[in-house]
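The chains referred to below are lettered A, B, ... by the order of the sequence lines, with proteins before strands, and numbering in each begins at 1.
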Amino acid sequence: MRHSPTQLFKHNLSLTTFQHSLLPTPAPKPLLSNNNRRASEQKCLSLLQTCDSLPKLSQIHAYLLKSGLHTNSFVLTKLSSTSSSLRSIDYAFSITFSNNPLLPPSYDAFLFNTFIRGYAHSHNSQSKAISSFSLMLENNIPPNKFTFPFVLKACAGLRDLNLGKQIHGFVSKFGFESDPYVQNTLIHMYASCGDGLEIARKVFDEMPKTEPVCWSAMIGGYVRGGRCNEAVVLFRMMLGAGVRPDEITVVSVLSACADLGALELGKWIGVYVEREGIAKTEPLCNALIDMYAKCGSIEDGANLFRVMPEKSIVSWTTMIDGLAMHGHGGEAIALFEEMKDAGVVPDDVAFVGVLSACSHAGMVEEGCRYFNLMKSEFSIVPKIEHYGCMVDLFGRAGLVERALEFIRDMPVEPNPVIWRTLVCACRVHGEIELGESISKQLIGDEPMHESNYVLLSNVYASMQRWEKKSKIRNLMGERGIRKVPGCSLIELDSQIYEFVAGDKSHPQYKEIFDMVEEMGWELRSAGYVPTTSEVLLDIDEEDKEDTLYRHSEKLAIAFALLNTKPGTPIRIVKNLRGH
DNA sequence: TTAGGGTTAG
């Protein structure tokens, strides 16, 4: 080491972190002859080929030292890439950078890249990738074109925009700004860091866009950021630019369609995949099934699920969730059993699916059975989501007391999501005092979280305590907390249109409002009487009806009636689903 | 001997 690590990055790690207890004590050894050395090195490398555990690694290392071999970077790199387990990488790192006298300082970019790659690909260790990069610079090893994709991937995993910007600075400094691989990972990195989407787009706009990868990176970024409409717009632009999407682009766009409820576009993509001969891989089928299910077309999803040749745990879970989403709790559970019988081992996500299926189907005892099975038979440690499912299971079934007991007995600290789930149950099942006191607690704990106020406000509304309700709404105003407006999405000619309540932003808004009016007349003449109790507002009956008629859903329906031929199915998707 | 984008979860 020429320098000790500096505070170049906030993710900097001290080298002492990597001192490993298995590190053998170096002993001075006579050097072997060149021939013997080569033979020993060969033996070592062949041992490394079959090495799959840390103890074996340390045995090989001990052998290296015993033979007095100079563990050059090639051998060390082999050592760290032999097993992808994090502890092996840590071990290789520690023997590389310890002050072992037998180790020559023959560090090179390839060696550092190996460490950076290992850490960047392993969960929760991305900061070590950054430290390794930092160490590389401190040792005056110039990064090469392979280095930055690894480093940027680590930044993406850390979701640290400032760090990403620093790395971007090094990309420029070392002259890799126009490398397409680097540009693609720059987009991916910025698009993974919350506020970085606009910068990602800037990188995207300024690069040549002839390959699908950069389009996928940008589209995927929009999807992860919840900006699915923009993802779809970009996909159209891609087709317009004559770039042929591959199966990965398609998976991202299908995920956007699922979120937007864009069934027509989703189906069109299904046809496009067939027509263009895009590989119908297992992940692509999963994305199609998910799209069908979330767009209300569960039969299409089920048909594809039945015929797809390879089903992974993701495929099964997607289908189980789809059935549960459509209220087919029993079928979802049956499919979970079928999956187990087929020898597919359920993971934690699959259990979230089956537990929420039980919850929505009101199958309390089944849910409890699966919760216990998860722990006993599959040794899965329940996460907070699983506890949340259980609280929801009891809460929906009206067993508020049992839900509360369950929370008290949980081995983990209940988070606000758990409490909000319970408050919902309190409101629905008339446990008003409990709901009120938990909500107040929540507002105290998380004063900037919108849904805490909305929940309490709804609790008051169900008690008809209008003055308290408006106090809460005022409090939100004072604290500058905005409620995410409910909005309805509708797809027309594969374009997505959005409406919020009372929306006047659409150029056709006058015609739309007239159409809503007409719909109201027709409904009344057909004998429809609006239910006003669910409006939950302290206004007189006439205004309540008016509010009902200006609902975003109504505006979307009116818009669709105005712009489609009679008999066209109309599908509306809401942005606010679940809690 | 090392490179880029993707699917399930309240």
Novice: Under the rule for ring-ring contact (aromatic ring centres under 6.0 Å, His included), what residues qualify as partners of A:F148, not counting sequence neighbours?
Specialist: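 Testing A:F148 for ring-ring contact (aromatic ring centres under 6.0 Å, His included), a comparison that skips the adjacent residues, returns A:F133, A:F176.
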Novice: Could you state the atom-to-atom distance from CE of A:M319 to P of B:dA9 in whole Å?
Specialist: 13 Å
Novice: Starting at CG of A:L355 and ending at C1' of B:dT8, how long is that distance when rounded to a whole Å?
Specialist: 15 Å
Novice: How is A:V251 classified with respect to the nucleic acid when contacts are heavy atoms under 4.0 Å: base, sugar-phosphate, or nothing?
Specialist: base
Novice: When we call it a touch if two heavy atoms are under 4.0 Å apart, what does A:T147 touch: a base, just sugar-phosphate, or nothing?
Specialist: nothing
Novice: Does A:D179 reach a base, just sugar-phosphate, or nothing at all? Heavy atoms under 4.0 Å.
Specialist: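 Here A:D179 touches the bases of the nucleic acid.
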Novice: Expressed as a whole number of angstroms, how long is the span from A:Y292:OH to B:dT8:P?
Specialist: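 About 17 Å, once rounded to whole Å.
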Novice: Could you check how far NZ of A:K383 sits from C1' of B:dT8, rounded to whole Å?
Specialist: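 Roughly 13 Å, once rounded to whole Å.
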Novice: Taking the minimum atom-to-atom distance to the side chain of A:F146, which one of B:dA3, B:dG6, B:dG5 wins?
Specialist: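 Among the listed nucleotides, the one closest to the side chain of A:F146 is B:dA3.
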Novice: Taking the side chain as every heavy atom from C-beta outward, state whether A:E206 and A:Q183 have any pair of such atoms under 4.5 Å apart.
Specialist: no
Novice: Which pair of non-hydrogen atoms, one from A:C155 and one from A:M189, has the smallest distance, and what is that distance?
Specialist: CB-CG, 3.6 Å
Novice: Quick one: label A:T249 by what it contacts on the DNA or RNA (base, sugar-phosphate, nothing), any heavy atom closer than 4.0 Å.
Specialist: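 Here A:T249 touches the bases of the nucleic acid.
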Novice: Can you sort out which residues in residues 181-203 of chain A have a heavy atom within less than 4.0 Å of DNA chain B? Ascending by number, please.
Specialist: A:Y181, A:N184, A:T185, A:H188
Novice: In this structure, how many angstroms lie between the P atom of B:dA9 and the CG atom of A:D259, rounded?
Specialist: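 The answer, rounded to whole Å, is 10 Å.
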Novice: Which of these nucleotides, B:dG4, B:dG10, B:dT8, is closest to any side-chain atom of A:H121?
Specialist: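 The answer is B:dG4, which lies nearest to the side chain.
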Novice: Look at all strands and tell whether A:D246 reaches a base, only sugar-phosphate, or nothing, counting heavy atoms closer than 4.0 Å.
Specialist: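 Answer is base: heavy atoms of A:D246 come under 4.0 Å of a base.
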Novice: Does A:N113 reach a base, just sugar-phosphate, or nothing at all? Heavy atoms under 4.0 Å.
Specialist: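 A:N113: base contact, heavy atoms under 4.0 Å.
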Novice: For A:F150, answer base if it contacts any base atom (sugar-phosphate contacts may also be present), sugar-phosphate if it contacts only those atoms, and nothing otherwise; contact means non-hydrogen atoms under 4.0 Å.
Specialist: sugar-phosphate
Novice: Whole angstroms only, please: what is the CZ-C1' distance between A:R117 and B:dT2?
Specialist: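 Checked: the CZ to C1' distance equals 6 Å.
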Novice: Just to be sure I understand the rule, does A:T318 reach a base, reach only the sugar-phosphate, or reach nothing, if contact means heavy atoms closer than 4.0 Å?
Specialist: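 Here A:T318 touches the backbone only, sparing every base.
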Novice: Please collect all salt bridge (charged side-chain N to carboxylate O under 4.0 Å, His left out) contacts where either partner lies in residues 305-320 of chain A, sequence neighbours excluded, each pair once.
Specialist: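 Sorted result for residues 305-320 of chain A: A:R306-A:E338.
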Novice: Look at A:S356 and B:dG10 and indicate whether a side-chain polar atom (N or O) is within less than 4.0 Å of OP1 or OP2.
Specialist: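 Checking B:dG10 against A:S356, a side-chain N or O does come within under 4.0 Å of OP1 or OP2.
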Novice: Round to a whole Å and report the spacing from CZ of A:F110 to P of B:dT1.
Specialist: 9 Å
Novice: Just wondering, more than 12 heavy atoms not from A:K375 lying within 6.0 Å of its NZ?
Specialist: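 It does: A:K375 NZ has more than 12 such atoms within range.
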Novice: Taking only N and O in the side chain of A:R224, is any of them less than 4.0 Å away from OP1 or OP2 of B:dG6?
Specialist: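 Looking at the OP1 and OP2 atoms of B:dG6, one of them is under 4.0 Å from a side-chain N or O of A:R224.
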Novice: Testing the 3.5 Å rule here: is there a donor-acceptor pair between the side chains of A:H449 and A:S451?
Specialist: yes
Novice: Closest approach of A:F378 and A:P346, non-hydrogen atoms and distance?
Specialist: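 So the minimum-distance heavy-atom pair works out to CE2-CD, 3.4 Å.
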Novice: Taking atom P of B:dT8 as reference, at what distance in whole Å does atom CZ of A:F336 sit?
Specialist: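 Spelled out: CZ on A:F336 to P on B:dT8 is 19 Å.
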Novice: A:L234 vs A:F204, test: side chain to side chain contact (heavy atoms under 4.5 Å, CB included). Steps then yes/no.
Specialist: CA-CA 11 Å; A:L234 200 62; A:F204 175 80; 3.9 Å; yes
